[in-house]
Amino acid sequence: MTADTLSRVFSALADPTRRSIVARLADGDATVNQLAEPYRMTLQAVYKHLRVLEDAELISRPRGPQPRPVHLETKVFDVMDAWIERYRRRAEQRYRRLDAVLAAMNETNDENGARHDQDHGDNHRG
């Protein structure tokens, strides 16, 4: 899958209706009429949403007579997952480094605070 395809996938999923259609198809294949049922839109509008999802390789519809089942293509999600995972790992590495720096700063502050308390206490002993 090219970067351009990945852009089409994220763009297609930016629309809440298309995300809802994808969620419905995650439960199993469905006809266009079944997919159109919960929406207050024309069948033509549903077909436009399906065309966007199909262009993004998120769904497929076999050629042939109606009714044709719409099928969710999972390989696209594997590619998206790999892309997201790569950046999630990078972010986690940065956060781990930041955690280590903050922990070292806390240790230094704790040591300095303890030393300061000891010095402060010694100055007041008679």
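Keep in mind that this is a model prediction, so the values were computed, not measured.
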Practice problem: With sequence neighbours excluded, tell me which residues meet salt bridge (charged side-chain N to carboxylate O under 4.0 Å, His left out) with Glu54. | Solution: Arg61

Quiz item: Can you check whether Leu53 reaches Leu25 side chain to side chain, under 4.5 Å on heavy atoms?
Solution: no

Exercise. Is it possible for you to say whether Leu35 and Val52 belong to one hydrophobic cluster, with membership spreading through side-chain heavy-atom contacts below 4.5 Å?
Key: no

Self-check item: Stepwise side-chain hydrogen bond (donor to acceptor under 3.5 Å, both in side chains) check, Thr42 with Tyr47
Solution: CA-CA 9 Å; Thr42 65; Tyr47 272 108; over 6 Å; no

Quiz item: Just wondering, more than 12 heavy atoms not from Gln44 lying within 6.0 Å of its CD?
Solution: no

Self-check item: Over all atoms of both residues, closest heavy-atom pair of Val9 and Ala56
Solution: CG2-O, 3.2 Å

Practice problem: For the pair Thr108 (side chain) and Ala104 (backbone), establish whether a donor and an acceptor sit closer than 3.5 Å, ignoring hydrogens and angles. | Solution: yes

Self-check item: Shortest non-hydrogen contact between Ile59 and Leu50, atoms and distance
Solution: CD1-O, 3.4 Å

Quiz item: Which residues satisfy the salt bridge (charged side-chain N to carboxylate O under 4.0 Å, His left out) test with Glu85, sequence neighbours excluded?
Solution: Arg88, Arg89

Quiz item: Gln34 and Pro38: which non-hydrogen atoms are nearest, and at how many Å?
Solution: O-CD, 3.9 Å

Quiz item: Side-chain contact, heavy-atom cut-off 4.5 Å: Val22 with Phe77?
Solution: yes

Practice problem: Heavy atoms only: give me the nearest Val32-Val70 pair and the separation to one decimal. | Solution: CG2-CG2, 4.1 Å

Quiz item: Strictly by modelled atom types, are Thr5 and Arg8 linked by a side-chain donor-acceptor pair under 3.5 Å?
Solution: yes

Self-check item: Non-neighbouring partners of Arg68 that pass salt bridge (charged side-chain N to carboxylate O under 4.0 Å, His left out), sequence neighbours left out
Solution: none

Quiz item: Any link between Tyr95 and Ile84 through a network of hydrophobic side chains (Ile, Leu, Val, Met, Phe, Trp, Tyr) touching at under 4.5 Å?
Solution: no

Practice problem: Could you walk me through whether Phe10 and Met80 pass the side-chain contact (heavy atoms from CB on, under 4.5 Å) test, one step at a time? | Solution: CA-CA 9 Å; Phe10 283 119; Met80 288 174 51; 3.9 Å; yes

Practice problem: Mind jotting down which residue pairs meet the ring pair (Phe, Tyr, Trp, His ring centres under 6.0 Å) criterion with at least one end in residues 53-73? Sequence neighbours excluded, please. | Solution: none

Practice problem: Taking all non-hydrogen atoms of both residues into account, name the closest pair between Ala36 and Val46 and its distance. | Solution: CB-CG2, 3.7 Å

Quiz prompt | Transitive ILVMFWY cluster of Met105, excluding itself - 4.5 Å side-chain cut-off | solution = Leu98, Val101, Leu102

Practice problem: Mind jotting down which residue pairs meet the salt bridge (Lys or Arg N to Asp or Glu O under 4.0 Å) criterion with at least one end in residues 10-29? Sequence neighbours excluded, please. | Solution: none

Self-check item: Atom pair CG (Leu43) and NZ (Lys48), whose distance is rounded to the nearest 0.5 Å
Solution: 12.5 Å

Quiz item: Taking atom OG1 of Thr74 and atom CG of Asp81, what is their separation to the nearest 0.5 Å?
Solution: 11.5 Å

